[in-house]
Amino acid sequence: MKWVKIFWLDSKLESMTHSHTQPSGLSTHRGEYKVPGGKLVAVELGENVGDGVHIDGDFFIDGVDDPTAVVALIEQVLSAGSGFAAMEAVAREFPEAQCVGLTAQALDKAMARARGQQVESAQAAANTTSEESVDELSFTWNTVDVAVLADQTPHTPAEHMALDEVLAQQVADGQRGPTLRFWQWGGNAVIIGLHQSVRNEVDEQRARELNFSVVRRITGGGAMFVEPGNTITYSLYVPADFLQGVRGFEAYKRCDEWALLALNKLGIRARYKPINDITSPAGKIGGAAQRLVRGSTGCVLHHVTMAYDIDAVRMMQVLRISREKLADKAVQSAAKRVDPLKSQTSLSRDELCSALQSQALEMLPSAHLSELDEVTLEQARGLARAKFESFAWTHAIA
């Protein structure tokens, strides 16, 4: 998910954080580098040698129990070595880790910028990834009996984060079968990725003034800008073997095959673009994030946020967007880079959400309607209070 990349107001380009500069008042040296066609990687250096190295960004680290442990190893090696040495260490210590949008070259270039060195940005021409259509479901869908949760109750942003963790762990432990959940948002929110820095992604004071909650999720990727009437989100929880033999872009696309087919049936020209975007001919519609959760069977948590509509002005007041994040985008204007679902359908947001749920029940083999049980909901509410509403979790990367 990377909604921070959707809109850009040209008049604000020069005033936003970019390259190795920082928002006012920060003492660290920051360097950013955008992987061509991929993700942003940032390196921060403290004023003193012993302050160490810290990395953040909208990249993904899949296939491991604790992605933050991989980040810690990279920071340890990078403080005394190169990006190449850091990624070699990851390959040795975490051979199962899949680093998506996080490369040795990106680490080295971000480090160089943090030190004040000039580094050439990724060019628009470098983004050569092509869009792909989906014509039918993969056979793997025949192996899963998907329960489609009928839950029309709006939940707080923190409760949604907690529901994802609780439901994914239930599937991972074999306590629940494959599940598809559509979200009803109970308030405005900025949802930042697991590896993102709060201060570099969000103007927290402005977010509070505009009544936006700031919450960190358990998956990587970029920040989501959420307004309940303008946002459609769903989560898919499937056993780990659903993606056996499939990695990277193909893993994301497989989880969203049903959604692309459903959107096309509803008259919306949806396609998939690596690494994790749902697009149309006119621009981006939505983005996905994914994480493996360990257990007796394991679970892949895959969630998607799509823009039914977006208030670009409010988003730019709340989010901080650097020039580097748009360095390899051929088009940087807001009007040309996004295509909200509203532009392609006469259905309201709620009608479209219901239509997608109906399409899922119709097209997914053995899919059936189910209810969100009170025990699971109460467990999620407790986790929301203890973890996702806490300052320590949200500001784990300040």
Side-chain angles (χ1 to χ4, degrees), residues 1-2 4-5 17-23 26-36 38-94 97-117 119 121-122 192-202 216-223 275 289 291 320-325 327-328 392-398:
M1 302 180 185
K2 49 182 180 180
V4 296
K5 299 180 180 63
T17 304
H18 64 88
S19 212
H20 55 273
T21 61
Q22 279 277 57
L26 300 181
S27 60
T28 52
H29 301 280
R30 180 176 176 84
E32 297 180 349
Y33 184 75
K34 178 73 160 52
V35 176
K39 303 296 179 182
L40 182 88
V41 178
V43 171
E44 287 194 359
L45 306 176
E47 292 288 353
N48 304 309
V49 175
D51 290 341
V53 173
H54 301 283
I55 70 169
D56 63 84
D58 57 5
F59 49 82
F60 297 95
I61 300 176
D62 299 329
V64 293
D65 293 334
D66 183 9
T68 60
V70 179
V71 170
L73 176 62
I74 292 172
E75 291 174 340
Q76 177 185 351
V77 177
L78 195 61
S79 63
S82 65
F84 180 77
M87 297 310 289
E88 272 200 328
V90 170
R92 288 194 307 270
E93 299 296 326
F94 299 95
Q98 302 170 38
C99 296
V100 181
L102 177 61
T103 66
Q105 180 190 49
L107 288 168
D108 284 336
K109 288 183 179 293
M111 176 74 90
R113 283 182 170 169
R115 290 170 173 160
Q117 301 169 10
V119 174
S121 291
I192 61 173
L194 179 63
H195 308 298
Q196 289 190 297
S197 161
V198 177
R199 70 173 183 267
N200 286 295
E201 301 296 331
V202 187
R216 185 183 298 277
R217 63 181 184 270
I218 63 171
T219 57
I275 303 171
R291 178 168 176 177
R320 290 183 168 133
I321 303 178
S322 71
R323 180 198 299 266
E324 183 63 20
K325 287 180 181 177
D328 70 337
W393 169 257
T394 303
H395 294 80
I397 304 175

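Heavy atoms only: backbone and side chains are in, while hydrogens, waters and symmetry mates are out.
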Inset, instruction - Give a yes or no on whether the backbone of L194 and the side-chain of R216 come within a donor-acceptor separation of less than 3.5 Å. - result: yes
Inset, instruction - Would you give the length of the straight line joining atom CD1 of I74 to atom NE2 of H54, rounded to the nearest 0.5 angstrom? - result: 14.0 Å
Inset, instruction - Check for a donor-acceptor pair, side chain of D62 on one end and backbone N or O of Q98 on the other, with a separation under 3.5 Å. - result: no
Legend entry - Reported CG-to-CG distance for the pair L102 and L40, which is rounded to 0.5 angstrom: 11.0 Å
Legend entry - Closest heavy-atom pair and its distance - G57, Q196: O-CG, 3.3 Å
Legend entry - Least distance between heavy atoms, H29 atom then A114 atom: CB-O, 3.2 Å
Legend entry - Under 3.5 Å: donor-acceptor pair, side chain of E201, backbone of I192: no
Inset, instruction - Among L107, L73, L78, V77, find the residue that satisfies the side chain to side chain contact (heavy atoms under 4.5 Å, CB included) test when tested with M87. - result: L107
Inset, instruction - Could you check if a side-chain atom of K109 sits within less than 4.5 angstrom of a side-chain atom of V41, using non-hydrogen atoms only? - result: no
Legend entry - Ionic contact status for D56 with R199, cut-off 4.0 Å: no
Legend entry - Minimal non-hydrogen separation, P67 against R291, with atom names: CD-NH2, 3.2 Å
Legend entry - I397 side, atom CD1; H195 side, atom NE2 - distance, nearest 0.5 Å: 7.5 Å
Inset, instruction - Work out which heavy atom in A289 is nearest to a heavy atom in G220; give both atom names and the distance. - result: CB-O, 3.6 Å
Inset, instruction - Drop me the distance from I55's CD1 to E75's CD, to the nearest 0.5 angstrom. - result: 5.5 Å
Inset, instruction - Please tell me if the side chains of L45 and V53 come closer than 4.5 Å, counting only heavy atoms from C-beta onward. - result: yes
Inset, instruction - State whether the side chain of R113 and the backbone N or O of V43 hold a donor-acceptor pair below 3.5 Å, judged by distance alone. - result: no
Inset, instruction - Supply the atom-to-atom distance E44 CD to E32 CD, rounded to the nearest 0.5 angstrom. - result: 9.0 Å
Inset, instruction - To the nearest 0.5 angstrom, please state how far the CZ atom of F59 sits from the CD1 atom of I275. - result: 12.0 Å
